[in-house]
Amino acid sequence: MEALVKEHSALLNEYKGNLFEYLVATRLSEHYGLVIPFLESLSENTHNILAQQEAYLRNFHTYLLTELPALADKTVNAIIDYIGVREVIKIKLIGKSFSSHKGDDYSEADIIIETLKGPIL
């Protein structure tokens, strides 16, 4: 039973993390006027994975459907304050579940914000 609880906890953490990263990246792309290129950069598989993970939360952890967006908003505000006036040209979601940038060394980055002066991890 303990192993099942740990497995459920790990799965929940993975889903929360993926959806949180997506929310942050989406809100950043909205702020910088990059929604269409951001959404087009995501594969159909990524959209399907996120939809399945959201459905799981909707069925079993509904409180997260309000908590994750609120936390994402706070995080986005902090990122925008940190970035300052640098011009953002691209937002990439590259978390391990979505990564199509296997050859690049982005360490533990989940979201990359590209500016005219280079990427911010």
Side-chain angles (χ1 to χ4, degrees):
M1 183 66 169
E2 186 176 323
L4 184 59
V5 170
K6 284 183 181 180
E7 185 177 315
H8 174 77
S9 180
L11 183 67
L12 177 60
N13 286 336
E14 179 72 16
Y15 288 7
K16 287 188 307 187
N18 289 341
L19 291 166
F20 174 74
E21 293 158 7
Y22 172 77
L23 288 168
V24 169
T26 300
R27 283 168 165 72
L28 283 169
S29 68
E30 289 169 353
H31 178 80
Y32 292 105
L34 300 168
V35 175
I36 292 173
F38 169 70
L39 292 175
E40 288 176 344
S41 74
L42 301 175
S43 70
E44 184 177 338
N45 187 48
T46 297
H47 287 286
N48 290 338
I49 289 169
L50 290 166
Q52 291 170 4
Q53 292 174 347
E54 181 185 10
Y56 175 83
L57 294 185
R58 194 169 296 286
N59 287 325
F60 299 106
H61 302 281
T62 55
Y63 67 96
L64 290 171
L65 297 175
T66 55
E67 289 184 14
L68 286 175
L71 183 57
D73 287 339
K74 289 179 182 179
T75 302
V76 166
N77 290 335
I79 291 170
I80 291 167
D81 288 345
Y82 173 76
I83 291 174
V85 296
R86 288 180 270 190
E87 187 172 340
V88 174
I89 57 173
K90 187 182 276 187
I91 308 289
K92 293 182 190 177
L93 182 63
I94 64 161
K96 63 181 171 282
S97 297
F98 312 120
S99 184
S100 60
H101 306 280
K102 304 275 187 222
D104 297 328
D105 180 21
Y106 291 121
S107 301
E108 294 295 316
D110 294 313
I111 298 170
I112 294 179
I113 303 164
E114 288 191 24
T115 70
L116 289 176
K117 294 182 179 181
I120 300 171
L121 305 177

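The side chain to side chain contact (heavy atoms under 4.5 Å, CB included) test with Leu42 singles out one residue from Ile49, Leu93, Thr26, and that residue is Leu93. With Lys92 as reference, Glu114 is the one residue of Glu114, Glu21, Glu40 to meet the salt bridge (Lys or Arg N to Asp or Glu O under 4.0 Å) rule.
Note: Tyr56 and His61 have tilted aromatic rings, judged against thresholds of 30 and 60 degrees for the angle between ring planes.
Heavy-atom contacts from other residues, nucleotides or ligands closer than 6.0 Å to NZ of Lys16 number more than 12. Counting heavy-atom neighbours within 6.0 Å of Leu116 CG, excluding the residue itself, gives a total above 12. Under a cut-off of 6.0 angstrom, the local environment of OH in Tyr82 is sparse, with at most 12 non-hydrogen atoms contributed by other residues, nucleotides or ligands.
Side chain of Thr62 to main chain of Arg58: no donor-acceptor pair is present (N/O by atom type, distance under 3.5 Å, no hydrogens or angles). Of the possible donor and acceptor atoms, one in the side chain of Arg86 sits under 3.5 Å from a partner among the backbone N and O of Ile83.
Taking 4.5 Å as the limit, some side-chain heavy atom of Phe20 sits within range of a side-chain heavy atom of Thr75. No side-chain heavy atom of Ile94 sits less than 4.5 Å from a side-chain heavy atom of Asp110. Within the 4.5 Å cutoff, the side chain of Phe38 has heavy atoms near those of the Tyr22 side chain. Counting heavy atoms from C-beta outward, Leu28 and Leu34 have side chains that stay 4.5 Å or more apart.
Considering NZ of Lys90 and OG of Ser41, their distance stands at 8.0 Å, rounded to 0.5 Å. In this structure, the separation between NE2 on His31 and CD1 on Ile91 is 9.5 Å, given to the nearest 0.5 Å. Once rounded to the nearest 0.5 Å, the distance linking CD1 of Ile113 with CD1 of Ile111 reads 7.0 Å. Between Ile89 atom CD1 and Lys117 atom NZ the span is 13.0 Å, to the nearest 0.5 Å. Distance CG/Asp73 to CG/Leu68: 11.0 Å, rounded to 0.5 Å. To the nearest 0.5 Å, atom CD of residue Glu14 and atom CG of residue Leu19 are 10.0 Å apart.
At a cut-off of 3.5 Å, with distance as the only test, a side-chain donor of Thr46 or Ser43 sits close to an acceptor on the other residue.
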Verdict with supporting geometry, Leu64 and Glu67, side-chain contact (heavy atoms from CB on, under 4.5 Å): CA-CA 5 Å; Leu64 290 171; Glu67 289 184 14; 4.2 Å; yes
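Contact detail for Leu23 and Ala72: the closest heavy-atom pair is CB-CB, 3.7 Å. Listed here is the closest heavy atom pair of Ile112 and Pro119: CG2-CB, 3.9 Å.
Under a hydrophobic clustering in which Ile, Leu, Val, Met, Phe, Trp and Tyr are joined whenever their side-chain heavy atoms come within less than 4.5 Å, directly or via other members, Ile36 and Val88 fall into different clusters.
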